[in-house]
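Chain A is the first sequence line, chain B the second, and so forth, proteins listed ahead of strands; every chain is numbered from 1.
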There are 2 protein chains.
Amino acid sequence: MTTASTDDSTLLRERGLRVTGVRLGVLRALDGHQHSTADDLVRAVRADLGTVSVQAVYDCLHALTAAGLLRRMEPAGHPARYERRVGDNHHHVVCRGCGAVADVDCTVGAAPCLTPRDTHGFTVDLAEVTFWGLCPTCASEPTADPVPAAGPSGTTHRVGTP
Amino acid sequence: MTTASTDDSTLLRERGLRVTGVRLGVLRALDGHQHSTADDLVRAVRADLGTVSVQAVYDCLHALTAAGLLRRMEPAGHPARYERRVGDNHHHVVCRGCGAVADVDCTVGAAPCLTPRDTHGFTVDLAEVTFWGLCPTCASEPTADPVPAAGPSGTTHRVGTP
DNA sequence: GCCTTTTCTGGAATCGTTCCAGTAAGGGGT
DNA sequence: ACCCCTTACTGGAACGATTCCAGAAAAGGC
């Protein structure tokens, strides 16, 4: 683990960021558990370092995200999640039941439909794709539906049987 | 406008929903101003009907969304927005500056990259595409950047000059 | 090793949204 | 046309995720 920490230290310094316990802790926690929420990370870092304030973690997440070391994603109706995979073309599947997130690699390199035709004068710099569905665990549940299924409604791109 | 209201009444009844002032007011407000937030709608309906509680509007939005008369979209870092365009394949551009939303029609019918290959066991039913950028107004602003630019960070699909 | 800058602490505040219990209104059945 | 049951609306309090604030502590260039 010392190796990973040392790498992270270098990484932080390279981006002009100070090396602190909280930052190393957050990065280490994300290595073990990708797509963690801020709350997950507070708990993880506390288990690791003893005591950390909520703000320290939020500040840290902002700093790391701004530095390009972390990617932030915020599925509708769920708290934001953070991941270390940055700088590559990948998307996400989000579970409507529990909010779990998994990575989805891009099937095509060029992404034809991700170049919009008419953007109403907007200068577009980023295209984000989110798939919605159910994770294996929630799908196998006895359809007890206490939560009214989060995520967007209405037809966007129906996937599967047409 | 009486025509529109009458149509909306029929629409509501067809879906088994009662016809109420708030519901007609919300639908009418959305006709005039697509992609409104709940707050926008509270104000619009109040200007129209006099007095409405916040809950009435939220309840109404839930009912109409559940009935498939409204589509809800929630851009990361911005309050949810509602629109009447349902049941067609269209996506959205969101302004990082002010959160403004515009519709983007799908360039290709088949949406090749919206059929993920490996979904890690998730049963995917919907693919959502969001473009991020700046609206004409925010783009022409003197780069005074008080708000740290909302929306996802890190590279997803860089659009434009590579 | 000192001193400035940056980060961390703890607590209070914000924002969008939801929960609650009670009142009011829609509309099917007679 | 009326009644009654269901559903919608009111107002206020609560919620969770996140941010703001001012002061204390620590990082690291000199």
| message | Does A:Ala63 reach a base, just sugar-phosphate, or nothing at all? Heavy atoms under 4.0 Å. | response | nothing
| query | How would you label the contact of B:Thr37 with the nucleic acid (heavy atoms, under 4.0 Å): base, sugar-phosphate, or nothing? | reply |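 Counting heavy atoms under 4.0 Å across all strands, no contact is made by B:Thr37.
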Examine [N]: is either OP1 or OP2 under 4.0 Å from a nitrogen or oxygen in the side chain of [X]? Give yes or no.
| X | N | value |
| --- | --- | --- |
| B:Tyr58 | C:dT17 | yes |
| B:Arg23 | D:dA8 | yes |
| A:His62 | D:dT18 | no |
| B:Thr20 | D:dC9 | yes |
| A:Arg18 | C:dC8 | no |
| B:Arg13 | C:dG26 | no |

Nearest-angstrom distance from the residue atom [atom1] of [X] to [atom2] of [N]:
| X | N | atom1 | atom2 | result |
| --- | --- | --- | --- | --- |
| A:Leu49 | C:dC8 | CG | P | 11 Å |
| A:Gln55 | D:dC20 | CD | P | 11 Å |
| B:Leu64 | D:dA8 | CG | P | 10 Å |
| B:Asp59 | C:dA24 | CG | P | 18 Å |
| B:His78 | D:dT18 | NE2 | C1' | 15 Å |
| B:Leu24 | C:dA25 | CG | P | 16 Å |
| A:Arg81 | D:dT18 | CZ | P | 11 Å |
| A:Arg43 | D:dA17 | CZ | P | 10 Å |

| Is there a donor N/O on one and an acceptor N/O on the other, under 3.5 Å, for the side chain of B:Glu74 and the base of C:dG16? | no
| Sidechain-backbone polar pair: B:Arg46 side chain, B:Val52 backbone, donor-acceptor under 3.5 Å |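 At least one qualifying donor-acceptor pair exists.
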| Mapping B:Val19 and A:Gly21 to their closest nucleotides on DNA chain C, which lands nearer the 5' end? |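 Nearer the 5' end of the strand: A:Gly21.
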| Can a donor-acceptor pair be found between the side chains of B:Asp103 and B:His35 at a distance below 3.5 Å? | yes
| task | Say whether B:Thr37 and B:Asp40, considering side chains only, have a donor N or O and an acceptor N or O under 3.5 Å apart. | result |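 Per modelled atom types, B:Thr37 and B:Asp40 side chains form a pair under 3.5 Å.
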| said: Working to the nearest 0.5 angstrom, can you tell me the gap between A:Glu128 CD and B:Phe131 CZ? | reply: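 That separation rounds to 11.0 Å.
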| Hey, do the aromatic rings of A:His92 and A:His90 have their centres closer than 6.0 Å? | yes
